[in-house]
Undergrad: 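Pasting a structure below so you can have a look.
Throughout, a chain's letter reflects where its sequence line sits, starting with A, and its residues are numbered from 1.
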Amino acid sequence: MHLYETMDLPLLPVLARMEDAGVKIDLPKLRDLGDRLGSEARAKAADIHEKCGEIFNINSPKQLGKVLFERLNLPRPVKYGKGKVISTAVDVLEELAESHEAPKLVLEYRQLTKLKSTYVDALPMLVDSAGRLHTTFNPTGAVTGRLSSTNPNLQNIPIRTELGREIRAAFIPKEGCVLLAADYSQIELRLLAHFSEDLLLVEAFNRGDDIHSLTASQVFGVPPMMLDAEHRRRAKAVNFGIVYGLSAFGLSQQLGIEQREAKKFIEAYFERYEGVRRFIDRVIEETRREQKVRTLFGRIRPIPDINSKNANMRGFAERTAVNTPLQGTAADLIKLAMINLDEEMRTRSLQSKMLLQVHDELLFEVPLAELETMRDLVRDKMQNVHKLRVPLEVEIGVGPNWRDVE
DNA sequence: CTCCTCACG
DNA sequence: ACGTACGTGAGGAGA
């Protein structure tokens, strides 16, 4: 039996049904939001032009760079951006905000125009006559085995800012239904525990401990009772870094700390989580021999650059080799769960519809009469999709729109 | 078309 | 000494 037969092929009709179902959109809400974003963006632009003493196209990184670095003479970022254009990306503008009012305004302007152009203006044009929006899922969209979503991409609907969440609130269920969102909690770290068999990590997940607090306690040498929010925030970044194949530089950028300090955190981490260190070493070594990595279910990703003479390319390849089994196995697991769930829903003639998959989350439209049935079914099929050395936890939220699911 | 930027997990 | 966190898709600028 190959992956293709057990997983990728059976997933196709499931994806087709999801695409066909589509998700209902609150068009008046989007229109109101568009008006708000539009007028706020115009006001913001006028403010920027006044503070800079010049009218220019703020959307043009080239023109913006000229104004900031030549006209206003703001300090150039350390990393010049090897090209001709000096970077005006978020982290650069955040730093410049300390020297002048304009960069902060530009960031606010960018948020408004991003939300308007990419979502509020673009999505309504794709809504069908029934008020529903249909994406296309690409089953092989990502090299790791993840899906991707296009035309429109419904896997990057805003959630991180209050204003962005207004867009999410425009995703609604049809009459008589609610939306049910189910997401795997820390699935990649659980898979790291599974693969590495690291004692601390496995036992922590089996006890149901807060994993970021544990890492904070281990890395910073602070007793659990004495941890504050900042400890936990930094530990969370360390855990993310481990999954991505971290470097001291990357962690220091992420946390805004010295590279020396980041290096100490990383060393402390591997001293405590020896199983994780061995796992990373083993994956890199195996990848060097085979020039490829595999997920738990045998999905293969070639990593030819793992033996490159170019240290930079080799570094990329090594981080990729570490990350792929984690990201890729998570993708395999949710694909399997989707197949099993779809099968069960059809067998039981349920009217609920699976609508979207966002990498570690599934979204359903559920008639009120099926709510408790679906809660139990979704949790069961997702959590028990495959037996691992640690439990898989699924958080389920229900609500009148995609923002207010809890 | 490529580059930059930024939305998500 | 070098450049650096993994994986995507989309819109606007500019050539």
Undergrad: Would you indicate what A:A237 reaches in the nucleic acid, counting non-hydrogen atoms under 4.0 angstrom: base, sugar-phosphate, or nothing?
TA: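 Base contact.
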
Undergrad: Using atom CG of A:L115 as one end and atom C1' of B:dC8 as the other, report the distance to the nearest whole Å.
TA: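 Taking CG of A:L115 and C1' of B:dC8, I get 12 Å after rounding.
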
Undergrad: With heavy atoms under 4.0 Å as the rule, sort A:Q254 into base, sugar-phosphate or nothing.
TA: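 Base, at least one base atom sits under 4.0 Å.
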
Undergrad: The side chain of A:S148 is closest to which nucleotide in this list: C:dG9, B:dC4, C:dC6?
TA: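 The closest nucleotide is C:dG9.
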
Undergrad: According to a 3.5 Å limit on both distances, what stems of 3 or more consecutive Watson-Crick or G-U pairs are formed with DNA chain C?
TA: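 Detected stem regions: B:1-9 with C:6-14.
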
Undergrad: With respect to the side chain of A:I159, which nucleotide from B:dA7, C:dT4, B:dG9 is positioned closest?
TA: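 Nearest to the side-chain atoms of A:I159, counting from C-beta on, is B:dG9.
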
Undergrad: Which part of the nucleic acid does A:N151 contact within heavy-atom distance under 4.0 Å: base, sugar-phosphate only, or nothing?
TA: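 Sugar-phosphate contact only - A:N151 comes under 4.0 Å of backbone atoms but never of a base.
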
Undergrad: On DNA chain C, nearest-nucleotide positions of A:N153 versus A:A311: which is more 5'?
TA: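 Here A:A311 is the residue nearer the 5' end.
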
Undergrad: Does a nitrogen or oxygen in the side chain of A:T150 sit under 4.0 Å from OP1 or OP2 of C:dG9?
TA: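 No, no such contact exists.
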
Undergrad: Closest approach to the side chain of A:K62, judged atom by atom: which nucleotide of C:dG9, B:dT5, C:dA15 is it?
TA: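 Selected nucleotide: C:dA15.
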
Undergrad: Less than 3.5 Å between a donor and an acceptor, one on the side chain of A:Q155 and one on the base of B:dC8, is that the case here?
TA: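 Checked by distance alone, the answer is no.
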
Undergrad: Can you tell which of C:dG7, B:dT5, B:dC8 lies closest to the side chain of A:R146?
TA: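 It is C:dG7.
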
Undergrad: Verify the contact: side-chain N or O of A:R110 to OP1 or OP2 of B:dT5, cut-off strictly under 4.0 Å; return yes or no.
TA: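 Indeed not, no polar side-chain atom of A:R110 lies that close.
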
Undergrad: Identify whether any heavy atom of A:R319 sits under 4.0 Å from a base atom; if not, whether one sits that close to sugar-phosphate; answer base, sugar-phosphate or nothing.
TA: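 Result for A:R319 = sugar-phosphate.
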
Undergrad: Looking at A:E261 and A:R234, does any basic side-chain N land under 4.0 Å from a carboxylate oxygen?
TA: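 Looking at A:E261 and A:R234, the cut-off is met.
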
Undergrad: May I ask you to say what A:L326 touches in the nucleic acid, namely base, sugar-phosphate or nothing, with a heavy-atom cut-off under 4.0 Å?
TA: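 Nothing: the residue A:L326, judged by heavy atoms under 4.0 Å, touches no strand.
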
Undergrad: Taking the inter-plane angle between the rings of A:F265 and A:F220 on a 0 to 90° scale, is it parallel (under 30°), tilted (30 to 60°) or perpendicular (over 60°)?
TA: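 Ring orientation, 0 to 90° scale: perpendicular.
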
Undergrad: Expressed in angstrom and rounded to an integer, what is the separation of A:E188 atom CD from C:dT8 atom C1'?
TA: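 Checked: the CD to C1' distance equals 13 Å.
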
Undergrad: Between C:dG3 and B:dA7, how far apart are the C1' atoms? Round to whole Å, please.
TA: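 Result for the C1' pair: 26 Å, nearest Å.
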
Undergrad: Reading DNA chain C from 5' onward, which residue's closest nucleotide shows up sooner: A:S60 or A:L246?
TA: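 Comparing both residues, the 5'-ward one is A:L246.
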
Undergrad: Consider the side chain of A:F316, meaning its heavy atoms from C-beta on, and name the nucleotide among C:dT4, B:dA7, C:dG9 that approaches it most closely.
TA: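 Closest nucleotide among those given: C:dT4.
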
Undergrad: Check every atom of C:dC6, C:dG11, B:dC6 against the side chain of A:N323 and return the nucleotide holding the closest atom.
TA: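 When the side chain of A:N323 is considered, C:dC6 is the closest of C:dC6, C:dG11, B:dC6.
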
Undergrad: What I want to find out is whether A:K264 reaches A:E267 closely enough, with some N-O distance under 4.0 Å, to be called a salt bridge.
TA: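 No salt bridge links A:K264 with A:E267.
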
Undergrad: Please classify the nucleic acid contact of A:I157 as base, sugar-phosphate, or nothing, using heavy-atom distances under 4.0 Å.
TA: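 It contacts sugar-phosphate atoms only.
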
Undergrad: Mind checking the P distance from B:dC3 to C:dT4? Whole angstroms is fine.
TA: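 15 Å, rounded to whole Å.
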
Undergrad: A:T113 near the nucleic acid: base, sugar-phosphate alone, or nothing, with a heavy-atom cut-off under 4.0 Å?
TA: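 Nothing: the residue A:T113, judged by heavy atoms under 4.0 Å, touches no strand.
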
Undergrad: Any base atoms under 4.0 Å from A:V243, or only sugar-phosphate, or nothing? Heavy atoms, all strands.
TA: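 Here A:V243 touches no strand at all.
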
Undergrad: Taking CD1 from A:I303 and P from C:dC6, how many angstroms apart are they, rounded to a whole number?
TA: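 Distance check: A:I303 CD1 to C:dC6 P gives 12 Å.
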
Undergrad: For C:dC6, does OP1 or OP2 lie under 4.0 Å from any side-chain N or O of A:T144?
TA: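 Answer no for this pair, as no side-chain N or O of A:T144 is under 4.0 Å from OP1 or OP2.
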
Undergrad: May I ask you to verify if any side-chain N or O of A:S87 is less than 4.0 angstrom from the OP1 or OP2 atom of B:dT5?
TA: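 For A:S87, the contact criterion (side-chain N or O under 4.0 Å from OP1 or OP2 of B:dT5) is met.
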
Undergrad: Might you point out which heavy atoms bring A:V358 and A:L154 nearest each other, and give the distance in Å?
TA: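 Minimum heavy-atom separation between A:V358 and A:L154: CG2-O, 4.1 Å.
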
Undergrad: Classify the nucleic acid contact of A:S149 as base, sugar-phosphate or nothing, counting any heavy atom under 4.0 Å across all strands shown.
TA: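 Answer is sugar-phosphate: A:S149 comes under 4.0 Å of backbone atoms only.
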
Undergrad: Look at all strands and tell whether A:N57 reaches a base, only sugar-phosphate, or nothing, counting heavy atoms closer than 4.0 Å.
TA: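 A:N57: backbone/sugar contact only, no base atoms under 4.0 Å.
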
Undergrad: Please determine whether a side-chain nitrogen of the Lys or Arg among A:R110 and A:E94 lies less than 4.0 Å from a carboxylate oxygen of the Asp or Glu.
TA: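 Salt bridge absent between A:R110 and A:E94.
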
Undergrad: Starting from C1' on B:dG9, measure out to CG on A:L191 and report it in whole angstrom.
TA: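 Answer to the nearest Å: 14 Å.
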
Undergrad: Testing A:R301, A:R299, A:Q327 one by one against A:V143 for a side-chain contact (heavy atoms from CB on, under 4.5 Å), which residue passes?
TA: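 Going through A:R301, A:R299, A:Q327 one by one, the side-chain contact (heavy atoms from CB on, under 4.5 Å) with A:V143 is satisfied by A:R301 alone.
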
Undergrad: Hey, does the side-chain of A:R160 have a donor or acceptor N/O within less than 3.5 Å of a partner on the base of B:dG9?
TA: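 Donor-acceptor pair under 3.5 Å: yes.
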
Undergrad: Using a heavy-atom cut-off of 4.0 Å across all strands, would you classify A:V322 as base, sugar-phosphate, or nothing?
TA: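 Here A:V322 touches no strand at all.
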
Undergrad: With a 4.0 Å cut-off on N to O distance, would you call A:D8 and A:K335 a salt bridge?
TA: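 A salt bridge is present here (some side-chain N lies under 4.0 Å from a carboxylate O).
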
Undergrad: Check every atom of C:dG9, C:dG7, B:dG9 against the side chain of A:K114 and return the nucleotide holding the closest atom.
TA: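 My answer, after comparing the listed nucleotides, is C:dG9.
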
Undergrad: Do A:R277 and A:E271 meet the salt-bridge criterion of a basic N to acidic O distance under 4.0 Å?
TA: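 No salt bridge links A:E271 with A:R277.
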
Undergrad: Within the 4.0 Å heavy-atom criterion, would you say A:G241 contacts the bases, only the backbone, or no part of the nucleic acid?
TA: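 Base contact.
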
Undergrad: Just by distance, no angles: are the side chains of A:S60 and A:N57 close enough, under 3.5 Å, to form a donor-acceptor pair?
TA: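 Distance-only check fails for A:S60 and A:N57.
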
Undergrad: With sugar-phosphate meaning primed atoms plus P, OP1 and OP2, does A:S247 contact a base, only sugar-phosphate, or nothing at under 4.0 Å between heavy atoms?
TA: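 Base contact.
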
Undergrad: May I ask you to evaluate whether A:T88 reaches the phosphate of B:dT5, defined as a side-chain N or O under 4.0 Å from OP1 or OP2?
TA: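 For B:dT5, OP1 or OP2 has a side-chain N or O of A:T88 closer than 4.0 Å.
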
Undergrad: At 4.0 Å (heavy atoms only), tell me whether A:A122 reaches a base, stays on the sugar-phosphate, or touches nothing.
TA: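 Here A:A122 touches the backbone only, sparing every base.
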
Undergrad: Do any side-chain nitrogens or oxygens of A:Q63 fall under 4.0 Å of OP1 or OP2 in C:dG14?
TA: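 Answer is yes, contact under 4.0 Å.
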
Undergrad: Within the 3.5 Å criterion, strictly below it, is a donor on A:Q357 or A:Q155 matched to an acceptor on the partner's side chain?
TA: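 Yes.
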
Undergrad: With a 4.0 Å cut-off, would you call A:E285 and A:R288 a salt bridge?
TA: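 Judged by the 4.0 Å cut-off on N to carboxylate O distance, A:E285 and A:R288 do not form a salt bridge.
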
Undergrad: Could you state the atom-to-atom distance from CZ of A:F249 to P of C:dG3 in whole Å?
TA: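 About 11 Å, once rounded to whole Å.
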
Undergrad: Rounded to whole Å, how long is the line connecting atom CG of A:L363 with atom C1' of B:dC8?
TA: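 The answer, rounded to whole Å, is 14 Å.
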
Undergrad: Given atom NZ of A:K236 and atom P of B:dG9, what is their separation to the nearest angstrom?
TA: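 So the two atoms are 11 Å apart, to the nearest Å.
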
Undergrad: Does OP1 or OP2 of C:dC2 have a side-chain N or O of A:N312 closer than 4.0 Å?
TA: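 Result: no.
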
Undergrad: Could you tell me the separation between the CG atom of A:L333 and the C1' atom of B:dG9, rounded to a whole number of Å?
TA: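 So the CG-C1' distance, A:L333 to B:dG9, works out to 15 Å.
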
